[in-house]
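A, B, ... follow the sequence lines: proteins, then strands. Residue 1 opens every chain.
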There are 2 protein chains.
Amino acid sequence: MANIQQVAQKAGVSVATVSRVMNNSSSVTASTRQKVENAIKELNYEPSVLGRNLRTSESRLILVLIPSISNPFYTEIINGIEDTSIKNGYNILLCETDSSVERENIYLNMIKNKLVDGAISMDPAVNMEKLNQLALDYPIIQCSEYEEGGIIPYVTINNELAAYQAVKHLIKLGHERIALVNSDEKFLYARQRRQGYDRALKEYHLPIREELIYHTDYLEFDYGIQAMRKLLEVQEKPTAVFAVSDTLAIGALKEINQSGLQVPNDIAVVGFDKISFSNMTNPSLTTISQPMYKMGCTAATMLINSVVGKKVENIVLDHELVIRDSTMG
Amino acid sequence: MANIQQVAQKAGVSVATVSRVMNNSSSVTASTRQKVENAIKELNYEPSVLGRNLRTSESRLILVLIPSISNPFYTEIINGIEDTSIKNGYNILLCETDSSVERENIYLNMIKNKLVDGAISMDPAVNMEKLNQLALDYPIIQCSEYEEGGIIPYVTINNELAAYQAVKHLIKLGHERIALVNSDEKFLYARQRRQGYDRALKEYHLPIREELIYHTDYLEFDYGIQAMRKLLEVQEKPTAVFAVSDTLAIGALKEINQSGLQVPNDIAVVGFDKISFSNMTNPSLTTISQPMYKMGCTAATMLINSVVGKKVENIVLDHELVIRDSTMG
DNA sequence: TTGAAAGCGCTAACAA
DNA sequence: TTGTTAGCGCTTTCAA
């Protein structure tokens, strides 16, 4: 692999001139440019990103932290981040933390090491102390999950309102015993969705029954199955279930079908996220549609603005209730 | 962020000595080491990966190319790659190409630029010419999809045999009109699975009916729906469907349910990959289980071996037919 | 055992 | 418009 020196030599110019040609920078004669470009072509030269980065202290790489790539919720967000990044001359480095602190540290350190210009975190279980400390010196954005009143700019939706609308939809259909399958309420989104659930019930003077509220540690299908299994053991079974993620809702659906009950006639189900699977289940799943692609685009735009020194504001995007067969037979 | 110079100054030694301490290299007195370590701690020093990489020409980063993160098939493979990489002191850079040549180029060039030490490609639509050319100079492994008789080492399964077994399973259940939902046969895996399908039919003296063979451009659910819709229009409907991916099979299942037919009584369905969602459908999906995690581990091991200059051999892993409700009511 | 110094490939400030 | 040169942060050879 040729270096800039060799190109300069072959073209009969200085390395500075080669650098200028590479960066389309000021004032190079057409003839000089031609000579350099010929040399570049002949030697098949491609500049070393490493050398350049060391010099400029920028990598044009964006770190994207997700807890797990197996949750389809992140898929569309990442597409948004990626498209926007590439459009702006950045590439992304996608890192799965598995919510493991060590793994997260490895990746977050890349930002200190100038291996990346900034980071977008989507891990609800991220070490906020570390993230806040990094955010003092480096561009960081939180996407979807965030810290209330924190210093890190975020893009998200109104989780409380979305949950409220989902539950209200069930109430309007006549349901009174509505179960909630929630995540651990140490996560902000879980607390917010819980609040929306509570608000809807209260508004319609329905009691909040603790036996109908179930918390899961993870969002995988199996945990939805597990949750539903427990809820079906309750003396007075729920007639509807609101799960805070489609993956959980799909697990619940499976378990209801398995137990011989009918969705939505015996039990109605509402999910959250509108992942692509949610339309493949039988019956298809009523869910809250998050603007995932747009959220990704927004997060990337915010981060890039932050990288180039602009001030960025928190953004709350609109969601939508998508009514399908799992609530309306 | 402190640099090595400042540490050296504070410790009253040369930068070379600091470097030696950092790399646990030969012969540093305990007392010198102590001084340096104190300085490191005081200044909160972390070495610049950029400077180091420029000097050593290695990045300890592995590029992983996937066509799309939305196909859950890749999820477990990536987990395998990641675990194995981290265990060996490498991190991975996950890149989604969307089977776009430009995007692929951006990422593949990182290998020339010494931004990564090697690459694992899982994109069936990868530009083989470019990949082969890179493979001349850099460590590259293909995972799952590969080039027959090519120069790039690969890890895969026996696609022909797997498809043969899937179709044979259907034949043994009494099916004679078995549809095939395949990808574009420009992909090797698609050709191989087609061969397995053909072999099973031939072995049982069943005719290969072109009207029961459907090719899709992509693997998303919607294409499975589309395929099934066409197959249901055939005069003599198939009594079974073998799809070359679970995503397609799930789409087919959805369409069959939608049309009022019963799985497996009216039409049996077999998928391929055993993605986690395949157990959530109603009925659950009979499928071929690929050892995805192991495949990822193997690919990573092969690549790392290749990076350190060892010779690597192609590897074919075992698969398994997982019989569930979509074929056995 | 330790230090001095060269150099990885590049950019940019300054000079011509 | 073009060239000279310092230097980004590190490792490693050579010498002491």
Q: Taking any heavy-atom pair under 4.0 Å as a contact, classify A:Leu54: base, sugar-phosphate, or nothing.
A: base
Q: A quick test of your reading: do over 12 heavy atoms of other residues, nucleotides or ligands sit less than 6.0 Å from CD of A:Gln9?
A: no
Q: Specify the closest pair of heavy atoms between B:Tyr146 and B:Leu188, including all atoms of both residues, with the distance to one decimal.
A: O-CD2, 3.3 Å
Q: Please report the interatomic distance CG(B:Leu317) to OG1(B:Thr156), rounded to the nearest 0.5 Å.
A: 8.0 Å
Q: OP1 or OP2 of C:dG3 sitting under 4.0 Å from any side-chain N/O of B:Thr17?
A: yes
Q: Measure CG/B:Leu115 against P/C:dG9 and give the value in whole Å, please.
A: 14 Å
Q: A quick test of your reading: do over 12 heavy atoms of other residues, nucleotides or ligands sit less than 6.0 Å from CD of A:Glu58?
A: yes
Q: Which part of the nucleic acid does B:Ser57 contact within heavy-atom distance under 4.0 Å: base, sugar-phosphate only, or nothing?
A: nothing
Q: Would B:Asp83 and A:Arg103 pass as an ion pair if we require N to O under 4.0 Å?
A: yes
Q: Can you check whether B:Ser14 has a side-chain N or O nearer than 4.0 Å to OP1 or OP2 of C:dG3?
A: yes
Q: Of the nucleotides D:dG9, D:dT5, D:dT2, which one has an atom closest to the side chain of A:Val15?
A: D:dT5
Q: Hey, is the side chain of B:Arg52 poking within less than 4.0 Å of OP1 or OP2 on D:dT11, counting only N and O atoms?
A: yes
Q: Figure out the CD/P separation between A:Glu58 and D:dC8, and round it to whole Å.
A: 17 Å
Q: Assuming nearest nucleotide by heavy-atom distance, tell me which of B:Arg33 and A:Glu46 is located more 5' along DNA chain C.
A: B:Arg33
Q: Go nucleotide by nucleotide along DNA chain D from the 5' end; which of B:Ile4 and A:Arg55 gets its closest nucleotide reached first?
A: A:Arg55
Q: Rounded to whole Å, please give me the gap between CG in B:Asn3 and P in D:dG7.
A: 13 Å
Q: Respond yes when some side-chain nitrogen or oxygen of B:Ser19 is under 4.0 Å from OP1 or OP2 of D:dT11, and no when none is.
A: yes
Q: Looking at D:dC10, I'd like to know if its phosphate oxygens (OP1 or OP2) sit under 4.0 Å from a side-chain N or O belonging to B:Thr56.
A: no
Q: Please tell me if B:Thr29 has a side-chain N or O lying less than 4.0 Å from either OP1 or OP2 of C:dT2.
A: yes
Q: Let me know the distance between CG of A:Asn53 and P of D:dC10, rounded to the nearest Å.
A: 15 Å
Q: Heavy atoms under 4.0 Å, any strand shown: does A:Val13 hit a base, just sugar-phosphate, or nothing?
A: sugar-phosphate
Q: Look at A:Asn23 and C:dT11 and indicate whether a side-chain polar atom (N or O) is within less than 4.0 Å of OP1 or OP2.
A: yes
Q: Taking the side chain of A:Arg20 as its heavy atoms from C-beta onward, which of D:dC10, C:dC10, C:dC14 lies nearest to it?
A: C:dC14
